[in-house]
J.: 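One structure coming up, written as C-alpha cells, with questions to follow.
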Amino acid sequence: MTDLLREIRIAVRSLARTPVVSAAAVVSLALGLGATTAVFSAVSAALMDGMPFAEPDELVSVFRTTPHFRSGPFAPANFLDLREQSETIESLGAVGYGTGLLKLSERTYQVSTRTLSPDLFGTLGVGATHGRLFQSDDELADAPAVAVLSDEVFRSRFGADPAIVGQTIVLDGDVRTVVGVLPPDFRIPHRTRYLESDIWLPLRFEPEEAERRRSNYLLLLGRLVDGRSVTEAETELVGLMAGIAEIYPDIRGESVRVGSMRAESAGPIRGPLLMLLGAVALVLLIATANVASLMLARGAQRGHEIALRTALGATRRSIVRTVFTESSVLAAVGVAFAFLIAWVGVRLIGNLGAQLYPQLEGLGLDARVFGFAILATAFVAVLAGVLPGWRISGADPQDALRTGSSRSGVSRTQNRFLKGLVVAELAASAVLLIGAGLLISAFLGVMDRDPGFETESLLTMEVNISPARYEDVTVDEGFALPALNAIRALPGVEEAGTTSMIPYAGWGNNFNIRYEGVIGDDTQLPLTETRVVSPSYFNTMGVSLVEGRLFTEREVQGDELPTLVVVNQALARRDFSDGSAVGERFHTSDTTFAEIIGVVTD
C-alpha cells in the first residue's frame, strides 16, 4: 500500500510538470467517459431493468397483423374468441382507452380513463394498496358500476383518504363506486409507451359491440401457461385467427403476432439506444487514443530518464507500471468530471427522450451505472497506459544515453505505433462525422418540409365533452358551434375550427378503403387515416383547396344528407393517379357510400 501511494505521488508530480498535456488528457477522458456513462444509463433503464410484475418472463403482448402493419389492436369479437379458445395463454386480457370528466362537488376535472379485463390485474400480479381490484364478475353487463383509482388521483383529488374506498364518484355523468387504489407508479409497458390512467374501469361489452370484428381498439396482454413458449403461443393463435377468418371473410388477411412483453417494450428503442451507445463508445476510444498518444509523446521526452532507470536495473514491468499509474491518475481525475457531465446528460436524455420513449423517464446514476463507469475507467487506464508503457520500455537505453539529452525523441518503433494511433483516431472520427452528417442532413430535410398547414399564430387546445350534458342535442349543436362562435368573437382571432385529432399527434381512426365497384379482401385494400373536422378547419389551418370544393356547415348537419369527404393529395395520387378523385365513392357499409367532393394539400 505504501509503494502504491508513493507511485501515485510520483505520478501526480510528473503530470504536474506538463499541465497543458495533462489538462488536455483529462478533458478528453471526461467528455468520452461522461457521454458514454450518460448513454449507458439510458440503456440500463430501458433494456436491462426488470418489470415490476410477478414472473415477468411469462408475460406476453399479442398483436394483430395485416399486410400493412405488425402491431395492431384487436376488435372485441376476435379478442373474445381468442381468449375462449387459447390453451397456451392462461389469462388473455384486453386494455382499452379513453378520457372522462370527473365531477367533484361543483368542479369538473378532465381525467384519463382506461378499461381493462378484470382478470388482468391478477395476471400481472398486482395488488391494491387500499380496497380491492377488479374481480371476474365486474365484467358482467349487469354488475355494479365500479372504478379503481390510480395512486396519483387518490392523492391529488381525494387527499390520500382511504375512506374514498366504498364511496361513489361521478364520471361522465355515471355514478361509480370506488373499490380500490392501485400502487404508486402502476403502468403497463406496451411497445413505445406505457398504458397508464387516472381511473381504471372494468372492460364490458354491449351485445352489439361484442359482435364487432372490424372495430379494432383493444390492446391484448396475457400470461403463458407453465411450460409453454412464446413461439408455441403464436403458432396456436395464428391458427385460431385463421379459423376465425374462414368464418368471417371480412377479416381475411388478418393474423396474430405474439412477443415477450419485456422484449416488445424494449424493441422499438433497442436499435436507437445501441446505435447511440456505439457512437459514444467511438468517442471514448478516440479520447483513449488521444491520451495514449500523449503518454507516448511524454515517454519520448523522458527517454533519457527511462534509459537511466533501465541502466540502473529497472525492469520493463516497473516502467510499464509507472506509465500505467500516470494514466490511471488521469483517468481517475477524468471520471470525476465525467460524472458531472453524465449527470447533466442523464437529465437531458430523460427530459427529451421520454417524450418519444417513456422508458427513459426518471433516469439516474445508480449502482449499475457507477459500476460501468468504473469499468470503463479501468479500460481507459489500461489502453492509455499499458500499451504506450510497453512501447516506451522497449526502447534501447544505449541509444538514449548516447544522445546525452533528456529529450531523446521518438524511436522508429514508437513512431509507427504513434502513427497507428493517429490512423485509428481518424478512422473513428470519420465514421462519427459521416453519421453525424447524415443525421443532420435528415433533420434539416424534415425541418424544411412543408407541414401542409400554416404554423404561425396557430393555437390548439384539447376539450373533453361529457355525453351526459348533451342527451337532447348533438355535441356539434350543443357545444362545438357555440364554442367556435365565442372563440371567433375574441380580439385577434381570425378563424377557429375543430378536428378529432391535430396533425402529427399520432394515429387516429383508420380503415381499409373499398371504392365502389372494387372487390377483394378488405385487409388487402389501401389503409386510410381519417379525421372528423368542421368546415372551418381548412381555413383555420391554412390548408389550400387543390380540386373540387369543401363542405359547408349545412352539409355536415343532419342525418338525411349523404356523407361527404375531402381527401388530401397523397390519397389522390395513391388511388387515382390516372384521373380525378372528385366524384369517386367508397363504401361506408355494404349499402352506403361516402362521396369525395374535394382534394386539399397534404
Side-chain angles (χ1 to χ4, degrees), residues 63-78 208-209 211-218 241 244-246 248-257 451-453 498-535 537-538 541 543-552 555-556 559-602:
F63 303 97
R64 177 177 62 97
T65 67
T66 75
H68 302 284
F69 51 78
R70 300 182 64 251
S71 303
F74 284 82
N78 298 329
E208 180 181 351
E209 186 179 12
E211 298 296 325
R212 293 177 180 170
R213 298 191 178 274
R214 296 285 294 165
S215 178
N216 300 291
Y217 63 91
L218 297 174
M241 196 67 178
I244 296 172
E246 287 296 322
Y248 303 98
D250 284 350
I251 62 169
R252 192 170 296 160
E254 295 186 4
S255 190
V256 176
R257 183 174 68 85
F453 56 89
T498 62
T499 177
S500 56
M501 183 176 289
I502 61 175
Y504 304 108
W507 282 88
N509 294 325
N510 56 78
F511 68 104
N512 297 99
I513 189 167
R514 181 189 295 275
Y515 294 101
E516 187 175 12
V518 174
I519 59 175
D521 292 342
D522 282 351
T523 55
Q524 302 294 329
L525 298 173
L527 192 66
T528 303
E529 181 79 5
T530 65
R531 298 283 192 273
V532 179
V533 302
S534 65
Y537 167 83
F538 300 104
M541 297 291 289
V543 177
S544 302
L545 181 67
V546 176
E547 183 182 6
R549 65 179 182 86
L550 304 176
F551 35 71
T552 64
E555 288 175 324
V556 299
D559 296 334
E560 72 282 354
L561 295 173
T563 301
L564 304 177
V565 299
V566 173
V567 302
N568 64 2
Q569 287 178 295
L571 182 140
R573 286 192 297 266
R574 183 192 71 183
D575 299 342
F576 303 99
S577 58
D578 297 331
S580 173
V582 175
E584 297 290 340
R585 302 200 306 172
F586 59 85
H587 287 269
T588 56
S589 71
D590 290 341
T591 58
T592 59
F593 299 88
E595 181 182 350
I596 300 174
I597 63 171
V599 179
V600 295
T601 53
D602 294 334

J.: Which residues pass the side-chain contact (heavy atoms from CB on, under 4.5 Å) test with Ser500, sequence neighbours left out?
T.: Arg531, Val532

J.: Okay, side chain of Ser534, backbone of Thr498: is any donor-acceptor separation there less than 3.5 Å?
T.: yes

J.: Using side-chain heavy atoms (C-beta onward) and a distance below 4.5 Å, is Leu550 in contact with Val566?
T.: yes

J.: Nearest heavy-atom pair of His68 and Leu527: which atoms, and what distance?
T.: CE1-N, 3.8 Å

J.: Could you give the distance from CG (Asn78) to CZ (Arg64), rounded to the nearest 0.5 Å?
T.: 8.5 Å

J.: Does Asn216 use its side chain to pair, donor to acceptor, with the backbone of Ala75 at less than 3.5 Å?
T.: yes

J.: Between OH of Tyr217 and CZ of Phe74, what distance do you get to the nearest 0.5 Å?
T.: 13.5 Å

J.: Report yes if some heavy atom in the side chain of Ile251 is under 4.5 Å from a heavy atom in the side chain of Met241; otherwise report no.
T.: yes

J.: Could you state the interatomic distance from CZ (Arg585) to OG1 (Thr563), rounded to the nearest 0.5 Å?
T.: 11.0 Å

J.: Write down the atom of Glu209, the atom of Pro76, and the distance for their closest heavy-atom approach.
T.: O-CB, 3.5 Å

J.: Any sub-3.5 Å donor-acceptor pair from Asp602's side-chain atoms to Gln569's backbone N or O?
T.: yes

J.: Could you tell me whether the side chain of Ile244 reaches within less than 4.5 Å of the side chain of Arg213, counting heavy atoms only?
T.: yes

J.: Could you go through Ile596 and Glu547, starting from their C-alpha distance and side-chain angles, then the distance that decides it, and tell me whether this counts as side-chain contact (heavy atoms from CB on, under 4.5 Å)?
T.: CA-CA 11 Å; Ile596 300 174; Glu547 183 182 6; over 6 Å; no

J.: Nearest 0.5 Å, what's the CD-CZ distance between Glu584 and Phe576?
T.: 4.5 Å

J.: Rounded to the nearest 0.5 Å, how far apart are CE of Met501 and CD of Glu529?
T.: 7.0 Å

J.: Just verifying a value: how many Å separate Leu525 CG and Phe586 CZ, rounded to the nearest 0.5 Å?
T.: 12.5 Å

J.: With a 3.5 Å distance limit and no angle check, can you tell me whether His587 reaches the backbone of Gly517 through a side-chain donor-acceptor pair?
T.: no

J.: With no hydrogens and no angle check, is any side-chain donor or acceptor of Arg70 less than 3.5 Å from a backbone partner on Thr65?
T.: no

J.: Of the non-hydrogen atoms in Phe453 and Val543, which two are nearest, and what is the gap between them?
T.: CB-CG2, 4.2 Å

J.: Applying side-chain contact (heavy atoms from CB on, under 4.5 Å), can you list everything that pairs with Arg574, at least two apart in sequence or on another chain?
T.: Ile513, Pro526, Thr528, Leu571

J.: With a 4.5 Å cut-off on side-chain heavy atoms, are Phe538 and Leu545 touching?
T.: no

